[in-house]
4 protein chains.
Amino acid sequence: MYPKFASLEQEKKERIINAAIKEFARSGYDRASTNEIIKEANIAKGSLFSYFNNKKELYLFLLDYVSEFIDKIYSEVDCDETDIFEIYREIALVKFKMYRKFPQIFDFLKAIAKENAPEVKSELEKRKKEYLVDRGTEKICRNIDETKFRSDIDVQKAIDIINWTALSFAEQQSNKINSYADFDVELLREWERYLDLLRRCFYKAEE
Amino acid sequence: MYPKFASLEQEKKERIINAAIKEFARSGYDRASTNEIIKEANIAKGSLFSYFNNKKELYLFLLDYVSEFIDKIYSEVDCDETDIFEIYREIALVKFKMYRKFPQIFDFLKAIAKENAPEVKSELEKRKKEYLVDRGTEKICRNIDETKFRSDIDVQKAIDIINWTALSFAEQQSNKINSYADFDVELLREWERYLDLLRRCFYKAEE
Amino acid sequence: MYPKFASLEQEKKERIINAAIKEFARSGYDRASTNEIIKEANIAKGSLFSYFNNKKELYLFLLDYVSEFIDKIYSEVDCDETDIFEIYREIALVKFKMYRKFPQIFDFLKAIAKENAPEVKSELEKRKKEYLVDRGTEKICRNIDETKFRSDIDVQKAIDIINWTALSFAEQQSNKINSYADFDVELLREWERYLDLLRRCFYKAEE
Amino acid sequence: MYPKFASLEQEKKERIINAAIKEFARSGYDRASTNEIIKEANIAKGSLFSYFNNKKELYLFLLDYVSEFIDKIYSEVDCDETDIFEIYREIALVKFKMYRKFPQIFDFLKAIAKENAPEVKSELEKRKKEYLVDRGTEKICRNIDETKFRSDIDVQKAIDIINWTALSFAEQQSNKINSYADFDVELLREWERYLDLLRRCFYKAEE
DNA sequence: AATGAATGAGAATTCATTCAT
DNA sequence: GATGAATGAATTCTCATTCAT
C-alpha cells in the first residue's frame, strides 16, 4: 500500500502523518482541509495526492496507522494474566501513560468514533469491527479464568458489562477532561473503585 | 416559532421532517445537503428557506421536535416505580416500540451525539443539557429505593454501571440491526437477562 | 397607465408610493426589496404585482410621479422674471423649502442620479432627458433678457455655466448634509455669493 | 497584494481587468456578476477566487489599479504652470487621449462615483479621499497665480466654478457620446471656448 | 380583488482533484 | 518527483414573479 509514501524519508512521513492526524482530529473527515494539511506538513498540494490518491485513502491509511499503534498498547499487557480485573487495571495504566505521551492520537480516535461522513462510513465500520474496537480486549480475554465468577451468572455477559463500563467510564472522563494535564492518580483510583465494585459483585464471595 | 412551517398540511410537514432527519442522520450537520432534503421532500428550493430561514434553524427545529418526541417516551414510564430494574425494563419496552415506529429518529439521535459542527455546537450543548441526554433517566432515578442494594456497594456507581450497560447494549444492538426491522421479543429477553444478572449481583441476596 | 393602482383609495396609494420611494431611495433599484415595500405599505405581495406588473414598472411609475412633483416646484417660480440670477435665487428658495417638507423625495432624486442598474438605465436616461434634468430650467430660461450679458460672451455658454454651478453646488452641499435639520440661511447666503460672483462677471459692468 | 494575480502573464491579467471593469461599470458593485466576469475573461470560476479572495477584494483591487492609472494622467501635466486655464487645457488634452485609449475606465469611474453598495462604501470613501477625487486638481491648484484674477472676486469660488464647469462639461459630453469613438478636435475646441469665456470673465481685463 | 405560499434561476464561494511545467 | 495554478461541481441562500385559493 502507498509505496510512494512509504519510500519517503522518515521525517517527512511523520510531518505528514502528524499534520493529517491533527487536522482530522480537529475537524472530522468532511471538514478537514487538505490545504491545511499540506500547509502544516510543508509539502506541495500535488505531492499529497501523489502519495495517497485522494482524501479518503489518506484517511484510511491513518486508520491503519493508528490501529498498529493501538496494538502496541495491548502488547504491553501481560498475556498470561487470567484475572480480568487485573487485565483491565493494566490496560488502564497503559492507556493513561499513552494519553500523556500522544494526546493527538486519542483525539483522533475520539473523532473516529464520532465520524459519520458517508464517504468513509462503511470502510470505517469494517475497520472498527476488524481491529479498532475491542481488538485487544477480545484477544486478551481468551485466557480468562472463568471459575472465579459466581456460578449463577453468565460469564460472557459479565465480561460485556465490564467492557461497557470501562468504555463508558473512559468516554465520560475524556468528555470531562479538556486540558492535557488533568490526568491524575485520582482518576485511576476512581476507576479502580468501579473495578472493585464489579469484582465483589461478579466473583464468588471470598471465604 | 416557524409559523409558516407550522401552518403547512400535516402530510407535507412530515415529508419535510422525515427528509431532513434522514439527511442529517446520514451525513451530520455540515455535510447534510439542503438540496438533498428538498429533493427528497419534493418541495421547491425557496420553500425550505421560507419555512426555516437557514440550514441551522432547520436543524435546531429538528432538535426540538425530537426532544418532544423523547418526552413522550419517558412520560409513559411509571413515575412511582422505585425499583431501578423495573424502570429500565419499562424504558426498554417503550424504546423498542418507538424504534419500530420511527427508526430514523434514533439514527438522528446517534448523529446528534456525534455532532461537532461549530455552527450548532453551542446550541446543541444547551439543548443537550436541557432535555436530550438522560433527561428522563435523571428524573426517573430520583425515587429509587436504595435500600435494596447490597450495603457494601456504592449505589451511585452501581446506577452508573446499569446506565452504561443499557446504553451500550442498545448501541450494540442498533449496530447489529442495520435498519432492518428485526427487533424482536428475543432482543427484549436478552436485555432482561442482563438486567437479571445485574439485579442478582447488586441487590441484597433474597432470603 | 396602471388603472388598477389609480383606482385605489388615495390613502392606500400614498402608503404604497411612500414605501416605495423610501425603499428605492435607501437601496437603489437593484437592492430595493419588494418585500420591504409591501411590508412598509402593509399590502399583500400579489397586490403590488397586480397594480404594477413588475419592479421595473413600479420604478418607472415613481419616476413619473416625482417628475410631476418637480413641475410644481418650477411652476411656483415667477414666469415673467427675465433676470436669470433672480430666477435662480427663487428656485433655490423653493427647493430649500421643499427639502424641508419632503426630504425623502430629494433622497430619491439623488438615488436616481446615481442609479446604474441595467434594467432601468435606458428608460431612466430617456426620462432624464425628457423632463427630469433641467426641465424647469429650460422652460424658465426662455424669457431671459440676454442684453444684460456682456457682449463679448456667448450667452448660451454662460447659462450652461450657471446651471452647472447650481447643480454642482447643490450636489456638494447635499453630500455635506446628512441630517435634515442642517439647512440654513447661511447656505442660501453662500449660494447667493456664487450667484453674485457670476453676475458681476457675466453681466455688463454697471455704470 | 494579490501575488497570485500579479504573477499571471500580462495578457491574462488584462483580460481579467477588462472583463471586471466592464462588468462593474455596467452594473455597479452589487449587481455585477462574477459569473459574467469569468465568462468574459475566459477563466475558471475558482481561478478568480484564488487570485482575489472574493468579489469585494477584486473591486478594491480595481480601485487601486484605476487610481494608479489616474496618477499617470496628472503626472503628465506641467507642474510649474501657474495659469489655471492652461492647466485645465492640458488636463483636458490628456483626458481626451486616455478616453480614446480606455473608454471603459472612465465608465468605471462614473460608476464608482455612483456606487453606494454598503459592502464597499467605507473603503470606497477612504480611497476617494486619498486619491480618486480631485487628487490631481488639488495638487495642481497649489501653484495657481491668484494675482491674475479680478480683485473683486473670491478666487476660491472662481476655481470652484471652473472645476464644476470642467466636470459638468465632461459629463455632458460623455453622455452624448455613447461609447462611440467620436471624440474630436471639435470637442476640444468647444471646451476651450468655455475656458476662454471664463478667463475673460474672471481675469483682470488685459490692458 | 386580494392573498401569500411556492417557485427556481441565479448569486458568491469552496475545495478535492488534475495536470502542464 | 515535485509543484501549485487551474478546474468546475457543489454548496447555501435570495428574491422577483406566479398562481391557486
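Within every chain, numbering begins at 1; the chains are lettered A, B, ... in the order of the sequence lines, protein sequences first and strands thereafter. The analysis underlying the following values was restricted to heavy atoms, covering all of them including side chains, and did not include hydrogens, waters or symmetry mates. These figures come from a predicted structure and were not determined experimentally.
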**OP:** Let me have a per-nucleotide readout for nucleotides 12-21 of chain E, 5' to 3', with B, S or -, counting only protein heavy atoms under 4.0 Å.
**Re:** SBBBBBB---
**OP:** Could you check how far NZ of B/K4 sits from P of E/dT3, rounded to whole Å?
**Re:** 15 Å
Subject >> Partner set under side-chain hydrogen bond (donor to acceptor under 3.5 Å, both in side chains) for D/E11, not counting sequence neighbours >> reply: D/R15
Subject >> Side-chain ion pair, A/R127 and A/E123, N-O less than 4.0 Å >> reply: yes
Original post:
Could you state the NZ-P distance from A/K12 to F/dG1, rounded to the nearest angstrom?
Top reply: 11 Å
**OP:** Nearest whole angstrom, please: distance from the C1' of E/dG4 to the CD1 of C/I37.
**Re:** 17 Å
Original post:
Can you check side-chain contact (heavy atoms from CB on, under 4.5 Å) on C/I17 and C/F5, steps first, answer last?
Top reply: CA-CA 10 Å; C/I17 289 171; C/F5 180 73; 3.9 Å; yes
Original post:
C/N53: what forms a side-chain hydrogen bond (donor to acceptor under 3.5 Å, both in side chains) with it, not counting sequence neighbours?
Top reply: C/E57
Subject >> D/L48 CG to F/dA5 C1', straight-line distance once rounded to whole Å >> reply: 14 Å
Original post:
What nucleic acid atoms does D/F5 come within less than 4.0 Å of, heavy atoms only: base, sugar-phosphate, or nothing?
Top reply: nothing
**OP:** Start with the C-alpha distance between C/K55 and C/E119, add both sets of side-chain angles, then the distance that settles side-chain contact (heavy atoms from CB on, under 4.5 Å), and finish with yes or no.
**Re:** CA-CA 10 Å; C/K55 193 182 183 179; C/E119 290 98 324; over 6 Å; no
Original post:
Taking for each residue the nucleotide of DNA chain F bearing the nearest heavy atom, is the 5' side occupied by B/E36 or by D/I43?
Top reply: D/I43
Would you be so kind as to tabulate the donor-acceptor pairs closer than 3.5 Å made by side chains of residues 19-29 of chain C, with sequence neighbours excluded?
| unit_1 | atom_1 | unit_2 | atom_2 | d |
| --- | --- | --- | --- | --- |
| C/K22 | NZ | C/E40 | OE2 | 3.2 |
| C/E23 | OE1 | C/R26 | NH2 | 3.1 |
| C/E23 | OE2 | C/S33 | N | 3.0 |
| C/Y29 | OH | C/K56 | N | 3.2 |

**OP:** Would you mind reading off the distance between B/I38 atom CD1 and E/dA6 atom C1', rounded to a whole angstrom?
**Re:** 12 Å
Original post:
Between C/E23 (CD) and F/dA16 (C1'), how many Å, whole number?
Top reply: 14 Å
Original post:
Hey, does the side chain of D/Y51 come within less than 4.0 Å of F/dA6's phosphate (OP1/OP2), counting only N and O?
Top reply: yes
**OP:** Report the distance from atom NZ of B/K39 to atom P of E/dG8, rounded to the nearest whole Å.
**Re:** 14 Å
**OP:** Look up atom CG in C/L58 and atom CG in C/L62, then write down how far apart they are to the nearest 0.5 Å.
**Re:** 5.0 Å
**OP:** Take atom CZ of D/R15 and atom P of F/dA6, then tell me their distance rounded to the nearest Å.
**Re:** 10 Å
Under 3.5 Å donor-acceptor pairs involving side-chain atoms of residues 41-52 of chain B, not counting sequence neighbours:
| unit_1 | atom_1 | unit_2 | atom_2 | d |
| --- | --- | --- | --- | --- |
| B/K45 | NZ | B/N35 | OD1 | 3.4 |
| B/S50 | OG | B/S47 | O | 3.1 |
| B/Y51 | OH | B/K12 | NZ | 3.4 |

**OP:** Could you walk me through whether C/L8 and C/I16 pass side-chain contact (heavy atoms from CB on, under 4.5 Å), step by step?
**Re:** CA-CA 10 Å; C/L8 293 178; C/I16 294 171; 4.0 Å; yes
Original post:
Which part of the nucleic acid, if any, lies within contact of B/L8, taking any heavy atom under 4.0 Å across all strands shown: a base, the sugar-phosphate backbone alone, or nothing?
Top reply: sugar-phosphate
Original post:
If you write DNA chain E from 5' to 3' in dot-bracket form, with Watson-Crick or G-U pairs under 3.5 Å, [ ] for crossing pairs and | for pairs with another strand, what do you get?
Top reply: .||||||||||||||||||||
